Amino acid sequence: MKNTTEDTTEVRISKMQNLLDSGLNAYPDRYECTHTIGELKGLEEGITASMAGRVLSVRRFGKLMFVTIGNAINRGQISLKKNELEEDDFNLFMNSVDLGDFVGVYGQRYTTKKGEPTLGVKKWTFLSKSLRPLPDKYHGIKDSEARLKQRYLSTCTDSEVADIYIKRAKLKQVLRSFLEKHHFIEIDTPAIQIQKSGALARSFKTHHNALDIDAELRIAPETYLKRALVGGFERVYEIATCFRNEGMSLAHWPEFHMLEFYAAYWNFEDLINFTEIMLKHVIDTIVGNNKIIYQEQEIDFSGDWPRLSFRELLIEKADIDINAFPTIEGLRAEIINRNLLDAKTIANLGRGSLIDELYKKTARPSIINPTFLVGHPIELSPLARNNDNDASIVDRFQLVVNGWEVVNAYSELADPIEQRKRFEVQAAAVQSGDENALDIDEDFLLALEHGMPPAAGWGMGIERILALLTDSSNIKDTIMFPIHR
RNA sequence: GGGUCGUUAGCUCAGUCGGUAGAGCACCGGACUUUUAAUCCGUUGGUCGUGCGUUCGAUUCGCACACGACCCA
């Protein structure tokens, strides 16, 4: 009779009235659980237990009901038999409990004829009323908008969705314990900063009322973690929420989490070795295998991960040797001549950005298995230590997987005089309208001028690696509650 | 910002070569003590995204807009 959303809610409110009329509370205080739903299967036959959960499905047979109750992780079956309950109790459940309600049940563990571990309910109590229906039991939520806006509906009915967030928690825990084992300590650095720093990106701008000063949400924790190095901490890390006011894509989200760590007395070569050991451990712990399937493509993390320079990669993938075109004009002409990039989009790029653009278009998408990319142009890396043999590149690497930059790391620039020069180049770019560029960061320079040990630093996007490990096609799906209009 | 596709019952979707619409599930009522997408019987439920245009008549055709997904920048 009733079937619009509003009517469904009315029906459920009237059922709630049944409960109240029977002297039950529709939203009681607590329930004493001796076990979780997940423990039901492992219980010995005949053991009595109490547990609680959301009603996910009901199968009625007149004087018998099988009910599935569950949470994000587990579900289990309970049965209610008319002759084993007070008659009013049985009828009250039948007439008042809807899919989505929470109930607490006490009874005895037994196994049904079909072999399903089941709690035979002796007593039940009502724990919370759901006034709206759960998603379709078979199709789930197809509406992509609702799937994002009401993630709680997916996680309480779809264990594959819930599993992403369980793996997310596990991933952070594994990363933390690995780093702690290697004597890194976790530092909390400011998310609200006076001046953006640590990456080339657009920021979210805000205002600090108490100080009456404009501020920015951090785009990276880098320069503060380096201040900690200056302060005498030799190994530091942070899982930092970062904010970049830029486009959204399958691999980009404006609010994301980045693990960064810094080790004094290491260089980027040390980090390459450390990265391989750490990520192999992490992947094995989370996935249980060093080969994963991502969107039907195998990604192989076993074996030694190859190391390629920008130059080697571009010779291989685009058949162009950047060293044969030392000037920006020559390189640009060759790229346009070969029709590798659109002439308009590269008209104002410097040589480093041009090489980067070329790499992103022609080479990066085809890198599927983990690959260390080295030899980054200096102008893309204003905080990285310059290479001692080649002034045009820095001691930096990226780990590329599935065409995505997963890790970015480099030997840190400790020289405050060189750092100032790099900032000056950046500041000039800001003046000419580059919103990604950095201003001169006097506060950070002041720290460097007090002396920072040689060090190497490392960063990885949590959502990206998680998307790979959970076979999520879109980075959004790794975020439980992504912002929406 | 550009392109493609989409928007029909609470949910998942059909459909109407232009004559105001159907199924399954859910809901509601009934039968049922071994189901697990339970089954069976019977009801109920729709401004067909919004606006304008063409037409005797538009959910259907056209245009614009909104919202969403995907691709590209």
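What you see is a predicted model, and the numbers here were worked out from it, not measured in a lab. Per chain, numbering begins at 1; letters A, B, ... match sequence-line order.
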Of the residues in residues 55-69 of chain A, which ones touch RNA chain B at a heavy-atom distance under 4.0 Å? R59(A), R60(A), F61(A), G62(A), K63(A), L64(A), F66(A)
What integer number of Å spans the P atoms of rG49(B) and rU7(B)? 8 Å
Once you round it to whole Å, what is the distance between P of rA38(B) and CG of L80(A)? 16 Å
R75(A) CZ - rA37(B) P separation (whole Å): 11 Å
Taking any heavy-atom pair under 4.0 Å as a contact, classify K149(A): base, sugar-phosphate, or nothing. nothing
Can you sort out the partners of R109(A) under salt bridge (charged side-chain N to carboxylate O under 4.0 Å, His left out), two or more places apart, ordered by chain and number? E45(A)
S57(A): partners by side-chain contact (heavy atoms from CB on, under 4.5 Å), with sequence neighbours left out: R59(A), T68(A)
Tell me, with the steps shown, if Q426(A) and D439(A) meet side-chain hydrogen bond (donor to acceptor under 3.5 Å, both in side chains). CA-CA 6 Å; Q426(A) 288 293 314; D439(A) 276 312; over 6 Å; no
Ignoring backbone atoms, establish whether N474(A) has a side-chain N or O less than 4.0 Å from OP1 or OP2 of rA69(B). no
Stems in RNA chain B, runs of 3 or more consecutive Watson-Crick or G-U wobble pairs with both distances under 3.5 Å, sorted by first number, are B:1-7 with B:66-72, B:10-13 with B:22-25, B:28-31 with B:39-42, B:49-53 with B:61-65
With the side chain defined as heavy atoms from C-beta on, L148(A) is closest, among rA69(B), rU33(B), rC28(B), to rA69(B)
Salt bridge or not for E463(A) and R168(A), using N-O below 4.0 Å? yes
Scan residues 92-113 of chain A against RNA chain B and write down, sorted by residue number, each residue with any heavy atom closer than 4.0 Å; if none is found, say none. T112(A), K113(A)
Respond yes when some side-chain nitrogen or oxygen of K361(A) is under 4.0 Å from OP1 or OP2 of rC72(B), and no when none is. no
With a 4.0 Å cut-off, would you call D477(A) and R151(A) a salt bridge? yes
Residues in salt bridge (charged side-chain N to carboxylate O under 4.0 Å, His left out) with R351(A), at least two apart? none
Consider the side chain of K476(A), meaning its heavy atoms from C-beta on, and name the nucleotide among rA69(B), rC27(B), rG24(B) that approaches it most closely. rA69(B)
More than 12 heavy atoms of other residues, nucleotides or ligands under 6.0 Å from CD1 of I483(A): is that the case? no
